[in-house]
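Below is one structure; the comments refer to it alone.
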Amino acid sequence: MRAVGAALFALIATSAAAETITAARYISPTGRYAHGILGDALEWGGLQLSLADGSARRFDLPRNHVFEDIAPRLVDVTGDGAPEVLVIETDVNRGAALAIYGPEGKITETPHIGQSNRWLAPLGAADLDDDGAIEIAYVDRPHLARVLRVWRFANGNLSEVAQMEGLTNHRIGEQYISGGIRDCGGVPEVVLADADWQRVVAVTLKGGQLAQRDIGPFAGAESFAAALTCE
């Protein structure tokens, strides 16, 4: 019986390894959502995942949704050692949401902002408060509301942990998203700009509260590059 159990475990492990996501890309460019926040008129109608066994999975959105994004992000949010995919998925009538996809499709998402032509800009994911769960950070409406929001992934769902106003990481028309998450000494920090693009700041999460500190003046993209590499 032990041999049978071991063989079954090995089979399950092999199957799980074959389902591991190794790459992700957006497919099916579309002009069906004329927001253009990233500097062009095209968004994406589908997502393609490459798996460790050499196969691919394709997920096509309904016509009232697009991926309003730069590129999918591979992050292990479940803690099982295999990555999931973080994306910006926009409902053309309700605005953007941050969604998590796995090999079988969408796992969960945040609520959509609630209005057309409203967007969010991800910063990344990490265990920001050392509680064993992964937190995901993004700026809600980086050109309007400028609110940093942090969500925790647990038990297959996302729940909001904290938020802080007066911060941003994107300007209209830029084809990239600034900032990110760094660890310069054992404490993960979210790096982004103040609302006026004058200062680069670092934000930490502790006890359900966000705390901000100044890193230095904003002087172009190199300011973020230096901050993210702890210079």
Side-chain angles (χ1 to χ4, degrees), residues 1-33 38-92 96-110 112 119-128 132-138 151-158 175-177 179-183 188 228-229:
M1 292 298 294
R2 289 182 181 178
V4 172
L8 180 59
F9 178 81
L11 181 62
I12 293 172
T14 299
S15 177
E19 291 276 295
T20 298
I21 299 169
T22 58
R25 66 185 182 95
Y26 293 126
I27 56 175
S28 304
T30 176
R32 65 189 183 223
Y33 183 58
L38 292 166
D40 60 39
L42 293 178
E43 309 303 341
W44 304 97
L47 174 68
Q48 182 169 302
L49 308 182
S50 299
L51 304 183
D53 65 359
S55 65
R57 300 275 170 82
R58 173 178 176 142
F59 303 103
D60 294 306
L61 294 177
R63 288 195 57 80
N64 63 344
H65 278 221
V66 296
F67 292 113
E68 191 179 10
D69 203 355
I70 296 165
R73 302 150 192 84
L74 268 61
V75 181
D76 178 12
V77 298
T78 63
D80 64 356
E84 286 71 42
V85 182
L86 304 183
V87 299
I88 307 170
E89 184 172 333
T90 295
D91 182 304
V92 300
L98 187 137
I100 303 174
Y101 277 73
E104 303 303 322
K106 190 188 298 184
I107 298 171
T108 188
E109 66 182 352
T110 64
H112 290 270
W119 188 66
L120 61 85
L123 286 149
D127 183 358
L128 294 176
I134 295 296
E135 282 80 37
I136 301 170
Y138 65 77
W151 297 71
R152 179 176 295 124
F153 180 85
N155 301 316
N157 293 298
L158 288 164
Q175 296 182 330
Y176 57 90
I177 296 171
I181 296 177
R182 72 177 189 177
D183 187 339
L228 290 170
T229 55

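Below, all heavy atoms of this structure are taken into account, side chains as well, without hydrogens, waters or symmetry copies.
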Between Thr22 and Ser50, is there a donor-acceptor pair closer than 3.5 Å when you use the side chain of the first and the backbone of the second? yes
Of all heavy-atom pairs linking Ile27 and Gln48, the shortest is CG2-CB, 4.0 Å
Here the gap from Leu47 atom CG to Lys106 atom NZ, rounded to the nearest 0.5 Å, amounts to 11.0 Å
Rounded at 0.5 Å granularity, tell me how far CD in Glu135 sits from CG in Leu123. 14.0 Å
Do Trp44 and Pro29 have side-chain heavy atoms sitting under 4.5 Å apart? yes
At their closest point, which heavy atom of Trp119 faces which heavy atom of Ala96, and how far apart are they? CA-CB, 3.8 Å
What pairs meet the ring pair (Phe, Tyr, Trp, His ring centres under 6.0 Å) rule with one or both residues in residues 61-80, with sequence neighbours excluded? Tyr26-Phe67, His65-His112, Phe67-Tyr101
Check whether any side-chain heavy atom of Ile136 lies under 4.5 Å from a side-chain heavy atom of Pro122, and answer yes or no. no
One pair to check against side-chain contact (heavy atoms from CB on, under 4.5 Å): Ile88 and Tyr138. What are the steps and the verdict? CA-CA 10 Å; Ile88 307 170; Tyr138 65 77; over 6 Å; no
Does any part of the side chain of Leu42, heavy atoms only, come nearer than 4.5 Å to the side chain of Thr30, both counted from C-beta? no
Please check if the side chain of Asp127 supplies one atom and the backbone of Gly132 the other of a donor-acceptor pair under 3.5 Å. yes
Check this for me: does any side-chain nitrogen of one of Glu43 and Arg32 sit under 4.0 Å from a carboxylate oxygen of the other? no
Is there a donor-acceptor pair under 3.5 Å between the side chain of Glu89 and the backbone N or O of Ala99? no
If you measure from CG on Leu158 to OG1 on Thr108, what distance do you get to the nearest 0.5 Å? 4.5 Å
Gly124 versus Ile181, closest heavy-atom pair with distance: C-CD1, 3.4 Å
Answer whether the closest heavy-atom distance between the side chains of Arg57 and Ile21 falls below 4.5 Å. no
Taking side chain as C-beta onward, heavy atoms only, is Thr78 less than 4.5 Å from Ile100? no
Which atom pair, heavy atoms only, marks the closest approach of Ala125 to Val75? CB-CG1, 3.6 Å
May I ask you to decide if Gly81's main-chain N or O and Asp76's side chain share a donor-acceptor pair within less than 3.5 Å? yes
Show the nearest heavy-atom pair for residues Gly46 and Ser28, with the distance to one decimal. N-CB, 4.1 Å
Taking Asp69 for its side chain and Val87 for its backbone only, find out whether a donor-acceptor pair lies under 3.5 Å. no
What is the distance from atom CG of Leu49 to atom CZ of Arg58, rounded to the nearest 0.5 Å? 12.0 Å
Does CG belonging to Asp183 count more than 12 external heavy atoms closer than 6.0 Å? yes
Could you give me the CA-CA distance, side-chain angles and deciding distance for Gln175 and Asp40, then say whether side-chain contact (heavy atoms from CB on, under 4.5 Å) is met? CA-CA 9 Å; Gln175 296 182 330; Asp40 60 39; 4.1 Å; yes
Contact summary for Leu51 and Pro103, nearest pair of heavy atoms: CD2-CB, 4.4 Å
